[in-house]
Amino acid sequence: MKRFNSLTEVRHELTAGTLTCRQLVEYYLDNIEKKNGQLNAFLEVWADEARQQAEAVDAKLAAGTAGKLAGMVIGLKDVLAYKDHALQSSSHILDGFKSLFTGTAVQRLLDEDAILIGRQNCDEFAMGASNETSYFGPARNEIDPDRVPGGSSGGSAVAVQADMCLASIGSDTGGSVRQPAAFCGVVGLKPTYSRVSRYGLIAYASSFDQVGPITRSVEDAALLLEVMAGPDEFDSTVSQEPVPAYSQLLEPKAHYRVGYIRDTVEHPGLAPDIKQALESTIELLRGQGHVVDAVDFPYLDYIVPSYYILTTAEASSNLGRYDGVKYGYRAPDATDLESLYKKSRSQGFGQEVQRRIILGTFVLSADYYDAYYTKAQRVRRLIKEQTDELLRQYDFLILPTAPTTAFRIGENMKDPLAMYLADIFTVQASLAGVPAISVPVGHDGQGLPIGLQVLSGAFREADMLAFAKHLTETVGASVVAP
């Protein structure tokens, strides 16, 4: 069976009678069987359930009652609640835990006849930029298994890259959908904060976390967002804004005003091949008649520090619930309540999660709250205001998704600062709460994928998706570094 790049291709064959959902599921299960042992993308495969779902969808297709996502085979990052299925955030501390309910985003996929095939590896509690902090070991990049797939949604990106499912649903706190999408040569979308309900998403940093799709096409990303977005009675922070039919609004305009942040092009950490790909994209867009200007953003150096102060503070609070008492791992050698807390958390959490909890507890302490946390909130406000102002002047901002292509496993694990700086170009959208998407725009000299990121104003995903589709069709086919 051929590789499918979009649901449109799948539906064409389903309609023609040359393919059934059951056959499609068997194809993906076969690929998982062949590849997952090396790539470690899936932690659990729901083979029998996927077959049953496929047969039910085939019956609906025959009756003409199938939903929008009939034929879409999807994997779920191990942070999304699916009733009666294991949910661990790739952490030892949630050993044995099964979700008691299904999250809103996942339920909406099921309601439109998506087929869920398995649970995917990720950085522990979504904390990481390489998928190396998982309790289950790293996921690996299919192009070069000695390299990382990015993080934290690394397993989700690899599963799409390696044709083990058509799409994945991940979570993006500071780039955790976009950066692995760039490293794996696929599409990764972070919606506007509050566009998609967080009910059923295990929290890392609640004022940043967003559910987002990883796909092989912009069209599929648009359709999945259309299905998942919208008001939800279970999430008081979700937006009440109407949800456009994103999948029907992908026709680009003739001319756009596009800005690119001058300092990102000249950043000393930017790999030469990525710089060339960005500059080539800029020239191609100008050649197409779009206005493309360099813009100044004076807060680039403050993005990563403010992001990590705020997210670790929120993580310190959110992860307090994992104590060995209510669910998950309980230290077998505890002797009293205090030792139960200490031993369960020390043994259950990995090193990176412990580091972030400690840092977050520190910045929230009485002596340092104003010096760090309060200042970081003020910086976040400045970053948001400046980003919003630029997006009033321009339709979009474009910038690299990551400063490098996929690095080698173990390369940055001993240097947390180097790992944190991998987020330098993605966390701006997260701090500002605006939507962003990463699309592939070629490869570097080693054949590793390069991702380009597009930001737009809040709730302007329809325009952003149309422009991103234009990039993949015209620019992505032309921009290839030597």
Side-chain angles (χ1 to χ4, degrees), residues 89 123-129 133 152 171-176 190 192-194 198 201-210 235-239 261 263-264 267 269 296-323 338 341-342 345-346 349-391 415-434 436 455 458:
S89 275
D123 279 305
E124 185 181 11
F125 282 97
M127 297 181 191
T133 70
S152 62
S171 65
D172 192 307
T173 304
S176 289
K190 183 199 89 70
T192 304
Y193 182 78
S194 79
R198 290 182 293 110
L201 171 65
I202 289 183
Y204 160 22
S206 303
S207 72
F208 293 83
D209 297 340
Q210 275 294 273
D235 182 357
S236 62
T237 67
V238 78
S239 172
I261 298 173
D263 288 346
T264 62
H267 195 275
D296 293 317
F297 185 79
Y299 305 117
L300 191 63
D301 290 341
Y302 302 100
I303 284 178
V304 171
S306 60
Y307 168 78
Y308 275 99
I309 288 171
L310 296 173
T311 56
T312 56
E314 294 187 26
S316 173
S317 176
N318 278 327
L319 271 62
R321 70 195 70 179
Y322 306 107
D323 53 13
E338 183 176 346
Y341 288 153
K342 289 181 177 179
R345 288 170 67 82
S346 297
F349 288 131
Q351 184 179 38
E352 180 60 30
V353 173
Q354 291 185 39
R355 178 185 291 118
R356 297 193 192 197
I357 290 172
I358 291 169
L359 178 58
T361 303
F362 173 79
V363 302
L364 287 175
S365 63
D367 289 342
Y368 297 100
Y369 185 90
D370 288 334
Y372 292 102
Y373 184 76
T374 301
K375 284 184 179 178
Q377 289 285 28
R378 290 171 179 164
V379 172
R380 183 181 190 178
R381 170 58 62 181
L382 291 173
I383 290 169
K384 174 174 173 51
E385 289 174 349
Q386 181 66 23
T387 302
D388 288 345
E389 177 59 31
L390 288 173
L391 289 169
D415 186 354
L417 184 58
M419 190 72 80
Y420 295 169
L421 288 173
D423 295 333
I424 189 168
F425 299 136
T426 52
V427 295
Q428 179 181 355
S430 302
L431 286 160
V434 299
L455 279 63

Item to complete: Mind checking side-chain hydrogen bond (donor to acceptor under 3.5 Å, both in side chains) for Y193 and listing every partner two or more places apart, or none if nothing turns up?
Response: R198
Discussion item. Evaluate L431 against F208 for side-chain contact (heavy atoms from CB on, under 4.5 Å), listing each step before the verdict.
Written reply: CA-CA 7 Å; L431 286 160; F208 293 83; 3.6 Å; yes
Worksheet entry | S365: side-chain hydrogen bond (donor to acceptor under 3.5 Å, both in side chains) partners, not counting sequence neighbours | none
Discussion item. Can you list everything that forms a ring-ring contact (aromatic ring centres under 6.0 Å, His included) with F349? Sequence neighbours excluded, please.
Written reply: F125
Worksheet item: What's the shortest heavy-atom distance between A432 and K384, and which atoms?
Response: O-NZ, 3.3 Å
Show me, pair by pair, the donor-acceptor contacts under 3.5 angstrom made by side chains of residues 415-426, not counting sequence neighbours?
{"residue": "D415", "atom": "OD1", "partner": "L417", "partner atom": "N", "Å": "3.3"}
{"residue": "D415", "atom": "OD1", "partner": "A418", "partner atom": "N", "Å": "3.3"}
{"residue": "Y420", "atom": "OH", "partner": "E352", "partner atom": "OE2", "Å": "2.7"}
{"residue": "D423", "atom": "OD2", "partner": "Y308", "partner atom": "OH", "Å": "2.4"}
{"residue": "T426", "atom": "OG1", "partner": "G174", "partner atom": "O", "Å": "2.6"}
{"residue": "T426", "atom": "OG1", "partner": "D423", "partner atom": "O", "Å": "3.2"}

Response to the item:
With sequence neighbours left out, the residues meeting side-chain contact (heavy atoms from CB on, under 4.5 Å) with S176 are K77, S152, S153
Worksheet item: Are any side-chain N or O atoms of T133 and backbone N or O atoms of E124, one a donor and one an acceptor, separated by less than 3.5 Å?
Response: yes
Fill in: side-chain contact (heavy atoms from CB on, under 4.5 Å) partners for V379, two or more places apart
Y302, S306, I383
Worksheet entry | Check: S239 side chain, S194 main-chain N or O, donor-acceptor pair, under 3.5 Å | no
Practice prompt. Would you tell me whether T361 and S316 have side-chain atoms, one donor and one acceptor, within less than 3.5 Å of each other?
Written response: yes
Discussion item. Quick one, I303 and F297 - any side-chain contact, counting heavy atoms below 4.5 Å?
Written reply: yes
Discussion item. Does any part of the side chain of D172, heavy atoms only, come nearer than 4.5 Å to the side chain of S430, both counted from C-beta?
Written reply: yes
Response to the item:
A429 meets the side-chain contact (heavy atoms from CB on, under 4.5 Å) criterion, sequence neighbours left out, with R178, K190, V434, A436, L455
Discussion item. Are more than 12 heavy atoms, taken from residues, nucleotides or ligands other than Q351, located less than 6.0 Å from that residue's CD atom?
Written reply: no
Response to the item:
Heavy atoms of A313 and L364 approach each other most closely as O-CD1, 3.4 Å
Practice prompt. Sequence neighbours left out, what pairs pass side chain to side chain donor-acceptor pair (under 3.5 Å) with at least one residue falling in residues 369-379?
Written response: D370-T374, Y373-Q377
Worksheet entry | Within-4.5 Å side-chain heavy-atom neighbours: H267 and L300 | yes
Worksheet item: At their closest point, which heavy atom of R345 faces which heavy atom of Q354, and how far apart are they?
Response: O-NE2, 4.2 Å
Worksheet entry | Partners meeting side-chain contact (heavy atoms from CB on, under 4.5 Å) with A203 (sequence neighbours left out) | S206, D209, N318
Worksheet item: Going by the salt bridge (Lys or Arg N to Asp or Glu O under 4.0 Å) test, which pairs reach into residues 303-323, not counting sequence neighbours?
Response: D323-K326
Practice prompt. Name all residues meeting the salt bridge (charged side-chain N to carboxylate O under 4.0 Å, His left out) criterion together with E389; count only those two or more places apart in sequence or in a different chain, and write none if there are none.
Written response: R392
Worksheet item: Can you pull the salt bridge (Lys or Arg N to Asp or Glu O under 4.0 Å) pairs that have at least one residue in residues 296-308, sequence neighbours excluded?
Response: R262-D296
